[in-house]
Amino acid sequence: MAAPCRRQGRPGAGAMNLQQELTQRLARAIAAAFPDASDAEPMVTAAQNPQFGDYQANCAMGLSKRLKSNPRAIAQSIVAALDAGDLIDEPTIAGPGFINMRLRPEFLERQAAAVGADERLGLPVAETPRTVVVDFSSPNTCKPMHIGHVRSMVIGDAICRLLRLLGHRVVADNHLGDWGTQFGLLIVGFRMFGHEVPERDDPLLRLVEIYKRAHAAAEADETVRDQARAELARLHAGDQENYRQWQQYCRWSMEHFNQIYRRMDVHFDETLGESFYNDLLPGVVDELAAAGLARPSEGAMCVFWDDDSLPPLLVRKKDGAFLYATTDLATLKYRRDRWHPDEIVYLTDARQQLHFRQIFSVAERWGVAEGMRLRHVWFGTILGPDGTPLKTRSGDLVELADVLDEAERRAVEVVREKTPDLDDAEAGEIARAVGLGAIKYADLSQNRQSDFVFDWDKMLSMQGNTAPYLQYAYARIRSIFRKGAESGCRPGETGVSVAEPAERALALKLLQWPEAVAAAGDDYRMNLICNYLYELSSVFTSFYESCPVLKSEPAQRDSRLQLCDLTSRVLKTGLDVLGIQVLERM
RNA sequence: ACGCCCGUAGCUCAGUAGGAUAGAGCGGCGGUUUCCUAAACCGCAGGUCACAGGUUCGAAUCCUGUCGGGCGUACCA
């Protein structure tokens, strides 16, 4: 299937954030009309209600107190000083002093054409590219991926994609938990039960079975616990055999993880376990002590805050062992030296907020956070219908591989029902993209800070505000181009027209893509991208219902084909940011 | 006990510069297919935004208090 021919334009030629542009125009008008209040925020937002126009400025009411004047009169003066006739009609003043603005159709038409010719779809490139390390996924080894791992993975990967789209350098860093206390028990368990637990396709699942038995044995028998402690100590002391065992477990774990990452289409630039930082830990504690941050307390080493703004942070146990916090500080310093990042982003669930406030504060006082922005991007917990963490009937966490299987199974059913004429290979491919998309979108479309109530039907839903809805909109557009190509229809040069309300609404929404990206990038809120794409698809579908494309007159057809083409490109780009595939057919 | 987060339609959730009549999906009810994919579209019903005060021209949003829920608070990660 040939892509619709695209006019070659200078990349970035159509770059414009409408909200920003109008904000700047309004700011100039305020400065001109009220020099004393030239610092006032114009407060331009997309109009709440289409009857008020496309954008509104809400600054006049706020200025009224400061200037001791009637807000409507203030709005009037701002409008009089406003130079934006190239973008909007004469603004109207409504209610207490809202400035309502409506974009001119000629502007929409010109801008839509410009964006259509722009590879970046109107999205400005970051003027100062930053280097951002994104720490996400970071599962513990020797445990299968379960449903609780999905958020960090999906949101983290999407944030990486978003930052790259904005023109930043990204280091996607998978910080494996490969140095826990479970290894002693695993080593003992392997010796006790290794010969009687059968091999499996996924060696990690065998390891988990062994661990379960070892755990039960330790519960029942004190000496097993002692052995586990001894093996762990031996591992930490550098025992060759135990080290080899440990490496084997880590390899099996990675095989399992990589299988999941491949299915999920999630990628990393760097994968280093906690074990990698082991040698650095004593030095970290020494430095903290030398800097006067850490001091002995009850036999341990601990960082205190003189003003008690934060509770004490333990960096070395009284038995000499180091902790999670120590590793995180060592990792932070290592990343600074290795990547010289402008920012490090950590994705974890909400429960680690205090931990990261402590880590960031220590890093600052220690001096290793100089010139770096440290951000804890946290998300809510995945809960079952009863409000507690999700479990299967046997009490285990739901395995991610099973969720992916179930999603595909459901998607196959829908594909078979809706599009029976597909061959098995294509149906399977569509089902994979649709099932995986549904899972990712269910997670990304929700405010990340809310707890996530897991519900098979909701998570794997293919109807309403879901990824399949967006994929379907895309597939319908591609279908138009397939059909159009048969009779030689291609989007051409005639220009875009927005005479019909549905055309106008679609063009406007398309021009707002940069706003959605900017808003999402501000605070890593991927749900804003989802909202936008859903609205775009929704506006498109209305357009699709009311505006025939291929059956319209040539000039109109050409314009509509351009709108379709642009819609499909924004959808593809947007879904790509979410890590969701588009489909030519579904 | 202290700290953080939360309480919005029957259900799941948007609403993070304080702005006009609080939105969406699902579920419910009713319509739409000689036409580019009906995984769709159009319409209707459904709300004391937990409660009580306060701030202001204006509060789901900010402040205080109460009730209810989740999580966290030095030898786990």
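Letters A, B, ... mirror the listed sequences (proteins, then strands); counts begin at 1.
Pairing partner, B/A60: none, since no Watson-Crick or wobble contact has both distances short of 3.5 Å. Base pairing annotation: B/A17 forms no Watson-Crick or G-U wobble pair, as no partner gives both donor-acceptor distances under 3.5 Å. Across the strands present, B/C71 finds its partner in B/G3; the criterion is a Watson-Crick or G-U wobble pair with both atom distances under 3.5 angstrom. Of the nucleotides present, none pairs with B/A39 by Watson-Crick or G-U wobble criteria with both distances under 3.5 Å. B/U33 is unpaired under the Watson-Crick or G-U wobble criterion, no partner having all donor-acceptor distances under 3.5 Å. In this structure, B/G65 forms a base pair with B/C51, meeting either the Watson-Crick or the G-U wobble geometry with both donor-acceptor distances under 3.5 Å. Judged by Watson-Crick or G-U wobble contacts below 3.5 Å, the nucleotide B/G46 has no partner. Shown here, B/G25 forms a base pair with B/C11; the pair counts as Watson-Crick or G-U wobble because both key distances fall under 3.5 Å.
B/C42 sits 33 Å from B/C6 when the P atoms are compared, rounded to a whole Å. Distance check on atom C1': B/A40 versus B/G3 gives 49 Å, rounded to whole Å. Here the separation of B/A60 from B/G23, taken at their C1' atoms, is 12 Å to the nearest Å. B/A22 and B/A59: their P atoms are spaced 13 Å apart (whole Å). B/C51 and B/C4 have their C1' atoms separated by 22 Å, with the value rounded to a whole Å. Taking atom P in both B/C26 and B/C63, the straight-line distance is 35 Å, to the nearest Å. When the C1' atom is used for both B/U8 and B/U61, the distance is 12 Å, rounded to whole Å. Straight-line distance between the C1' atoms of B/U16 and B/C62: roughly 13 Å, to the nearest whole Å.
When heavy atoms are screened at a 4.0 angstrom cut-off, A/Asp455 is found touching no nucleic acid atom at all. Within 4.0 Å of A/Gln471, counting heavy atoms only, lies no atom of the nucleic acid at all. Within the nucleic acid shown, A/Asp522 has no heavy atom closer than 4.0 Å to any nucleic acid atom. Within the nucleic acid shown, A/Leu323 comes within 4.0 Å of sugar-phosphate atoms alone, with no base atom in reach, counting heavy atoms only. As judged by a 4.0 angstrom heavy-atom cut-off over every strand, A/Phe304 is placed among the base-contacting residues.
At whole-Å resolution of the value, CZ in A/Arg295 and P in B/A74 are 16 Å apart. B/C57 atom C1' lies 14 Å from atom CG of A/Leu63, rounded to whole Å. Between A/Leu314 atom CG and B/A77 atom C1' the separation is 14 Å, expressed in whole Å. Whole-Å rounding puts the A/Phe356 CZ to B/G72 C1' distance at 14 Å. Protein atom CG of A/Leu310 is 18 Å distant from nucleotide atom P of B/C2, rounded to whole Å. Following rounding to the nearest Å, A/Gln358 (CD) and B/A77 (C1') show an atom-to-atom distance of 14 Å. Counting to the nearest Å, the P atom of B/A14 and the CE atom of A/Met526 are 16 Å from each other. The CZ atom of A/Phe360 sits 18 Å away from the P atom of B/C4 (whole-angstrom rounding).
Close to B/C76, at under 4.0 Å from its OP1 or OP2, lies a side-chain N or O of A/Lys317. The side chain of A/Lys458 places no N or O atom within less than 4.0 Å of a non-bridging phosphate oxygen (OP1 or OP2) of B/G25.
A salt bridge between A/Arg585 and A/Asp421 is present, with a side-chain N of the basic residue lying under 4.0 Å from a carboxylate O of the acidic one.
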Report all interatomic pairs (protein N or O, nucleotide N or O of nucleotides 30-32 of chain B) with separations under 3.5 Å.
none

**Where protein sits on nucleotides 33-46 of chain B, one letter per nucleotide: B base, S sugar-phosphate only, - none, heavy atoms under 4.0 Å** = --SBBSBSSS----
**Message:** Base contacts versus sugar-phosphate-only contacts with protein, heavy atoms under 4.0 Å: please encode nucleotides 15-23 of chain B as B, S and - from 5' to 3'.
**Reply:** SBB-BBB--
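For the pair A/Arg151 and A/Trp378, the cation-pi test (distance below 6.0 Å, angle within 45°) is failed. Both the sub-6.0 Å distance and the 45° axial angle are satisfied by A/Arg295 relative to the ring of A/Phe304. A cation-pi arrangement is present between A/Arg476 and A/Tyr544 under the rule of less than 6.0 angstrom and at most 45 degrees off the ring axis.
Surrounding NE2 of A/His215 are at most 12 heavy atoms belonging to other residues, nucleotides or ligands under 6.0 Å away. Environment of CD in A/Gln51: crowded, with over 12 heavy atoms of neighbouring residues, nucleotides or ligands closer than 6.0 Å.
For A/Asp178 (side chain) and A/Ser275 (main-chain N/O), a donor-acceptor pair under 3.5 Å exists by modelled atom type. With hydrogens and angles ignored, the 3.5 Å screen pairs a side-chain donor or acceptor of A/Gln353 with a backbone N or O of A/Ala350. No donor-acceptor distance shorter than 3.5 angstrom exists from the side chain of A/Asn100 to the backbone of A/Ile93, with no hydrogens or angles considered. At least one donor-acceptor pair closer than 3.5 Å links the side chain of A/Tyr532 to the backbone N or O of A/Lys509.
The OH atom of A/Tyr441 sits 12.0 Å away from atom CD of A/Gln446, with the distance rounded to the nearest 0.5 Å.
Using bins of under 30°, 30° to 60° and over 60° for the plane-to-plane angle, the ring pair A/His236/A/Trp179 lands in the parallel bin. Under the 30°/60° scheme for interplanar angles, the aromatic rings of A/His175 and A/Tyr277 are found to be tilted.
Remark on RNA chain B: of its neighbouring residues A/Leu354 and A/Asp319, the 5'-side contact belongs to A/Leu354, judged by nearest-heavy-atom nucleotide.
Aromatic rings from A/Tyr472 and A/Tyr469 are positioned such that their centres are separated by 6.0 Å or more. Remark: aromatic rings of A/Tyr334 and A/Phe276 are close, center separation under 6.0 Å.
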